[in-house]
Amino acid sequence: MERWDIYDKNKVRTGRTMERNHFNLADDEYHLTVLGVIRRPDGRFLITKRVMTKAWAPGWWEVSGGAAQAGEESEEAVRREVLEETGLDVKEAEGGYVFTYHRENPGEGDNYFVDVYRYTMDVTEQDVHLQTEETDGCRFATPEEIRELADQGIFLHYDSIKRVFEG
């Protein structure tokens with residue numbers, strides 16, 4: 001059974017944990033998720049398409065990410081998630097942490113912080129080995145193409161992360 005650390009509103013671990021996807025957090029408690037954005041030197045970003053069997057946002061485009069496991073540091077979590085979902089090892093890649101945002105869902109027990117990382121790697125689609133349970137394809141897209149997907153309403157969390165695609 002996977003467990004997640006519970007954080008306070010200042011993003012400090014409380015010493016308590018919760019069972020994965022068992023959303024019973026108080027309004028001032030959070031769990032931690034991470035996103036790992038892969039940028040190529042040509043300015044294109046790796047995006048993946050969610051499998052149609054996902055309960056939430058099936059078929060939408062996104063970047064790699066997921067929840068940090070109990071005891072796992074943010075950067076460890078993003079490295080693990082990117083490796084699991086794409087087969088890419090970002091340990092030696094240029095880049096790292098960019099920013100954090102948070103979501104509060106009062107009364108739903110599912111508040112969370114999101115640490116966003118960006119890595120630059122010279123990779124092609126042949127270098128990517130997708131986790132088929134999670135993803136149904138990938139592509140390298142320009143920031144404009146990603147914005148177009150967001151405008152169509154099929155790119156996850158775009159408004160919260162759009163600045164990671166700048167510069």
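Reckoned from all heavy atoms, side chains included, excluding hydrogens, waters and symmetry mates. Here, residue 1 is the first one in the sequence, and each next residue gets the next number.
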Peer 1: Would Arg39 and Tyr119 count as a cation-pi pair here, with the cationic atom under 6.0 angstrom from the ring centre and within 45° of the axis?
Peer 2: no
Peer 1: Is any side-chain N of the basic residue among Arg50 and Glu62 closer than 4.0 Å to the acidic one's carboxylate O?
Peer 2: yes
Peer 1: Salt bridge or not between Arg139 and Glu125? Use side-chain N to carboxylate O under 4.0 Å.
Peer 2: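 Result for this pair is no, no salt bridge flagged.
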Peer 1: Tell me whether Lys9 at atom NZ has more than 12 heavy atoms from other residues, nucleotides or ligands lying less than 6.0 Å away.
Peer 2: no
Peer 1: Report yes or no: do Arg147 and Thr142 form a side-chain donor-acceptor pair below 3.5 Å?
Peer 2: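 No, no side-chain donor-acceptor contact under 3.5 Å.
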Peer 1: With heavy-atom distances below 4.5 Å as the criterion, would you say the side chains of Val12 and Tyr7 are in contact?
Peer 2: no
Peer 1: Between Ser64 and Val82, what is the shortest heavy-atom contact and its length?
Peer 2: CB-CG2, 4.0 Å
Peer 1: Considering all heavy atoms of both residues, which atom of Pro143 and which atom of Gly43 are nearest to each other, and what is their separation?
Peer 2: CD-O, 3.7 Å
Peer 1: NZ of Lys91 to CD of Glu76: how many Å apart, nearest 0.5 Å?
Peer 2: 11.5 Å
Peer 1: Could you check if a side-chain atom of Arg103 sits within less than 4.5 angstrom of a side-chain atom of Ser160, using non-hydrogen atoms only?
Peer 2: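 Sidechains of Ser160 and Arg103: in contact.
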Peer 1: Any chance you could measure Thr53, atom OG1, to Glu134, atom CD, to the nearest 0.5 Å?
Peer 2: 8.5 Å
Peer 1: Measure the spacing between NE2 of His22 and CD of Glu2 and express it to the nearest 0.5 Å.
Peer 2: 14.5 Å
Peer 1: Could you check Phe155 against Ile47 for side-chain contact (heavy atoms from CB on, under 4.5 Å), going step by step and ending with a plain yes or no?
Peer 2: CA-CA 9 Å; Phe155 195 93; Ile47 59 174; 3.6 Å; yes
Peer 1: Yes or no on side chain to side chain donor-acceptor pair (under 3.5 Å) for Asp8 and Thr14, after CA distance, side-chain angles and deciding distance?
Peer 2: CA-CA 6 Å; Asp8 68 16; Thr14 64; over 6 Å; no
Peer 1: May I ask you to say whether Arg80 pairs ionically with Glu84, meaning some side-chain N is under 4.0 Å from a carboxylate O?
Peer 2: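 Result for this pair is yes, salt bridge flagged.
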Peer 1: Look up atom CZ in Arg79 and atom CD in Glu72, then write down how far apart they are to the nearest 0.5 Å.
Peer 2: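 One gets 11.0 Å once the value is rounded to the nearest 0.5 Å.
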Peer 1: Between Tyr30 and Phe113, what is the ring plane arrangement, given parallel below 30°, perpendicular above 60°, and tilted in between?
Peer 2: tilted
Peer 1: Would the distance check show the side chain of Glu85 and the main-chain N or O of Gly65 forming a donor-acceptor pair, the cut-off being under 3.5 Å?
Peer 2: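 Yes: the side chain of Glu85 pairs with the backbone of Gly65.
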Peer 1: Would you sort out whether Glu73 and Arg13 count as a salt bridge (charged side-chain N to carboxylate O under 4.0 Å, His left out), showing the intermediate values?
Peer 2: CA-CA 11 Å; Glu73 296 301 323; Arg13 284 186 178 108; 3.2 Å; yes
Peer 1: Applying side-chain contact (heavy atoms from CB on, under 4.5 Å), run through Asn111 and His102 and close with a yes or a no.
Peer 2: CA-CA 8 Å; Asn111 304 316; His102 71 283; over 6 Å; no
Peer 1: Tell me, please, whether Phe140 has Arg40 positioned over its six-membered ring: NZ or CZ under 6.0 Å from the ring centre and within 45 degrees of its axis?
Peer 2: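 Cation-pi check for Arg40 and Phe140: passes.
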Peer 1: Taking the six-membered ring for Trp, are Trp56 and His157 ring centroids under 6.0 Å apart?
Peer 2: yes
Peer 1: Between Tyr101 and Leu25, is there shared hydrophobic-cluster membership here, with clusters defined by ILVMFWY side-chain heavy atoms closer than 4.5 Å?
Peer 2: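 Hydrophobic grouping puts Tyr101 apart from Leu25.
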Peer 1: Testing Phe99, Tyr117, Phe45 for side-chain contact (heavy atoms from CB on, under 4.5 Å) with Val164, which one passes?
Peer 2: Phe99
Peer 1: Measuring only between side-chain heavy atoms, which start at C-beta, is Lys49 closer than 4.5 Å to Thr135?
Peer 2: no
Peer 1: Write down the atom of Pro58, the atom of Met52, and the distance for their closest heavy-atom approach.
Peer 2: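 Taking every non-hydrogen atom into account, CB-O, 3.4 Å.
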Peer 1: Side chain to side chain donor-acceptor pair (under 3.5 Å) with Thr17: which of Arg3, His31, Gln69?
Peer 2: Arg3
Peer 1: So how far is it from Ile154 CD1 to Trp60 CH2, rounded to the nearest 0.5 Å?
Peer 2: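 Between Ile154 CD1 and Trp60 CH2, I get 8.5 Å after rounding to 0.5 Å.
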Peer 1: Around Glu144, counting heavy atoms of other residues, nucleotides and ligands shown, do more than 12 lie under 6.0 Å from its CD?
Peer 2: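 More than 12 within 6.0 Å, yes.
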Peer 1: How many angstroms lie between atom OH of Tyr112 and atom CG of Asp110, to the nearest 0.5 angstrom?
Peer 2: 6.5 Å
Peer 1: Given the rule that I, L, V, M, F, W and Y join up when any side-chain heavy atoms are under 4.5 Å apart, are Val114 and Leu46 in one cluster?
Peer 2: no
Peer 1: Considering non-hydrogen atoms only, spot the tightest contact between Val63 and Gly36 and give its length.
Peer 2: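 Looking at all heavy atoms of both residues, the closest pair is CB-O, 4.2 Å.
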Peer 1: Which pair of heavy atoms, one from Leu88 and one from Asp127, lies closest together, and at what distance?
Peer 2: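 Shortest heavy-atom separation between Leu88 and Asp127 comes out as CD2-O, 3.6 Å.
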Peer 1: Take Val90 and Met121 through the test side-chain contact (heavy atoms from CB on, under 4.5 Å) and record every step on the way to the result.
Peer 2: CA-CA 8 Å; Val90 299; Met121 300 177 73; 3.8 Å; yes
Peer 1: Determine yes or no for a side-chain-to-main-chain donor-acceptor pair under 3.5 angstrom, with Asp115 supplying the side chain and Thr100 the backbone.
Peer 2: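 No.
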Peer 1: Let me check something: do Leu35 and Ile146 share a hydrophobic cluster, defined by ILVMFWY side-chain heavy atoms less than 4.5 Å apart, either directly or through other members?
Peer 2: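 Yes, Leu35 and Ile146 fall within the same hydrophobic cluster.
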Peer 1: Where do Ser74 and Leu32 come nearest, in terms of heavy atoms and distance?
Peer 2: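 Distance-wise, the nearest heavy atoms are CB-CD2, 4.1 Å.
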Peer 1: Cluster question for you: counting only ILVMFWY and a side-chain heavy-atom cut-off of under 4.5 Å, with indirect links fine, are Leu156 and Val37 together?
Peer 2: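 Per the 4.5 Å side-chain linkage, Leu156 and Val37 are co-clustered.
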Peer 1: Are Val116 and Val34 connected, step by step, through hydrophobic side chains (Ile, Leu, Val, Met, Phe, Trp, Tyr) whose heavy atoms are closer than 4.5 Å?
Peer 2: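 No, because Val116 and Val34 fall into different hydrophobic clusters, even though each may have its own neighbours under 4.5 Å.
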Peer 1: Can you check whether Gly109's main-chain N or O pairs, donor with acceptor, with Asn24's side chain at less than 3.5 Å?
Peer 2: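 Not at all, since once roles are kept as given, no pair shorter than 3.5 Å links the two residues.
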